[in-house]
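Note sheet for the following structure.
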Amino acid sequence: MVAKNAGMPATPADLINVDDVIAQYYDNVPDPTVPEQSVIFGTSGHRGSSLKTSFNEAHIVAIAQAIAEYRARAGVNGPLYIGRDTHALSLPAEKTAIEVLVANGVHVRVDSRGDVVPTPVISQAILTHNRAADGTQRFSGDGLADGIVVTPSHNPPTDGGFKYDPVTGGPAPAEATNAIAARANELLGTYKQVKRIPFEQAIHSDLVEGFDYREHYVSDLANVIDFDVIRSSGVRLGIDPLGGASVHYWPLMNEKYNLDIGIVRPDVDPTWRFMTIDHDGKIRIDPSSPYAMKGLVDQLNAGAWDKYDLVGGTDPDADRHGIVCPDWGVMNPNHYIAVCVEYLFGGNRPNWPDHAGIGKTLVSSSLIDRVAESIHTRLVEVPVGFKWFVDPLFSGEVAFGGEESSGMSFLRRDGHVWTTDKDGLIPDLLAAEITAKTGKNPAQLHQEQVSRFGESWYRRVDTPTTLEQKRKFASLSADDVTDTQLAGEDITAKLTEAPGNHAKIGGIKVCTANNWFAARPSGTENIYKVYAESFVSPQALDKVLDEATTVVDKALA
């Protein structure tokens, strides 16, 4: 259900008190016996709010200590690259982590400019550090690096987040996060006994060194994006960093590559007062949400389109993207993924491995399946979570990984790995490359795909749930779905494992010829998510969602 104020400008009542949020980070002490106050690693690390005693100093002390111990056991003795986004809790948490890491003898690389750092920039730094002379990746041996990103991604301003990237540069696998979370919860009740060094002493120690993340990342971008075609075409790209960590990266791209990238809204404010309210009545900094992006779209439609041919957006840690086109608005991420894969695999990356497939999460649109079939490219469908693309990107099983929540990454132009975490900057740049090369913006190309493959309607519905119900999802089986039809069509598949890698999806997906739904619990919130799509009609999509809720409720019961 969409909130009444969705798409409306934020009011003073919607804004956080930044000082209070930070004060409670230090003042509130979690109770380890309360599940909601424990360390829980979801698909993207530990997230919570200081106001709910789920993201506080104690959590970060415990997690940082657990990471220091984990990397020591794993034999990782190179530098740890750390960065943060613009959420109010990110700087305090980064400082806490550095105090603990240095006390453990960890060499830490911080931003030499004292600035915020996008998530994909940490991934790219780790991977280039760990790359062998022949361009392949090292996963064992001396001097390997790993990293930490302090971010809750697109979550509301009250929230904090903390995630660990191992030597693979992407989200840590479950065996790593489970071990880190278990050890952190052991330490949580006695966190004051964890050894720390005062921040001012730690930051000036020989174990901490500055690293120019911005220069390192931007100088390498020409190996991923065809800047020559963008520059020669004169495509004017607008960017809305949404007050996030990418804000200072775009001007350096202009300087290095002689581009015409304009910052539409350069504001950085931890209250995000310039945002419009998202679908659920909260400030959520999601560049793919038409509600969160309505303020930008209104500004463009009021005359700002005179300056731009298309506009891209990134969220606070720049691991998500959003594409806005004239006479269209915000593109559905599924639609943009379908455009990207047809462009990238359609002859515009000739040095990519011949056998490499298209990676997608199983809750992404089936339009991508139809495009993949039309260009005779293998589709690799995995569970939700970008961690499932890490190994396939390294092995060349996939050259592209994309998910419905506007996250993607793809290989360098020479076929080697770029990042193994979501990168929100390169999809925005790719939109400019696509427009320059084809003469059509991504929305226009999507319309052409619809004429060939059919129109679909896609929606996600979030339903409140309990921790006990969330646990039940893991044990669901195909036999728990007794229905034989969905929205008037025969059910053709009931999946609890992803077809691309046979990994458990933590829920269930039910398919017919032209409809499907998938249900799974959130890794970070007490909700379960139902994703659905219909190639029949909007009314059929409504029916799919209605019947999906009934199916899920019966299965959980």
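Any value given below was found using the heavy atoms of this structure, including those in side chains, with hydrogens, waters and symmetry copies removed.
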Original post:
With respect to S246, which candidate in T86, D315, D240, T314 satisfies the side chain to side chain donor-acceptor pair (under 3.5 Å) definition?
Top reply: T314
Residues [X] and [Y]: side-chain donor-acceptor under 3.5 angstrom:
| X | Y | value |
| --- | --- | --- |
| D423 | S409 | no |
| T512 | E489 | yes |
| T271 | D269 | yes |
| T419 | D421 | no |
| N28 | S50 | no |
| Y458 | E404 | no |
| D20 | Y25 | no |
| W250 | N254 | no |
| N17 | D19 | no |
| D319 | T119 | no |
| S366 | W516 | yes |
| D14 | T11 | yes |

**OP:** Evaluate the ring planes of W272 and H87, with Trp represented by its six-membered ring, and classify them as parallel (under 30°), tilted (30 to 60°) or perpendicular (over 60°).
**Re:** tilted
Give a yes or no on whether a salt bridge exists between [X] and [Y], defined as a side-chain N under 4.0 angstrom from a carboxylate O.
| X | Y | value |
| --- | --- | --- |
| D462 | R460 | yes |
| D159 | R47 | no |
| R236 | D260 | no |

Original post:
Heavy-atom distance under 4.5 Å between the side chains of H59 and N56, does that happen here?
Top reply: yes
Subject >> Within 6.0 Å of NZ in K554, more than 12 heavy atoms from elsewhere >> reply: yes
Original post:
Just checking, R370 and F535: is the charged tip under 6.0 Å from the six-membered ring centre and within 45° of the axis?
Top reply: yes
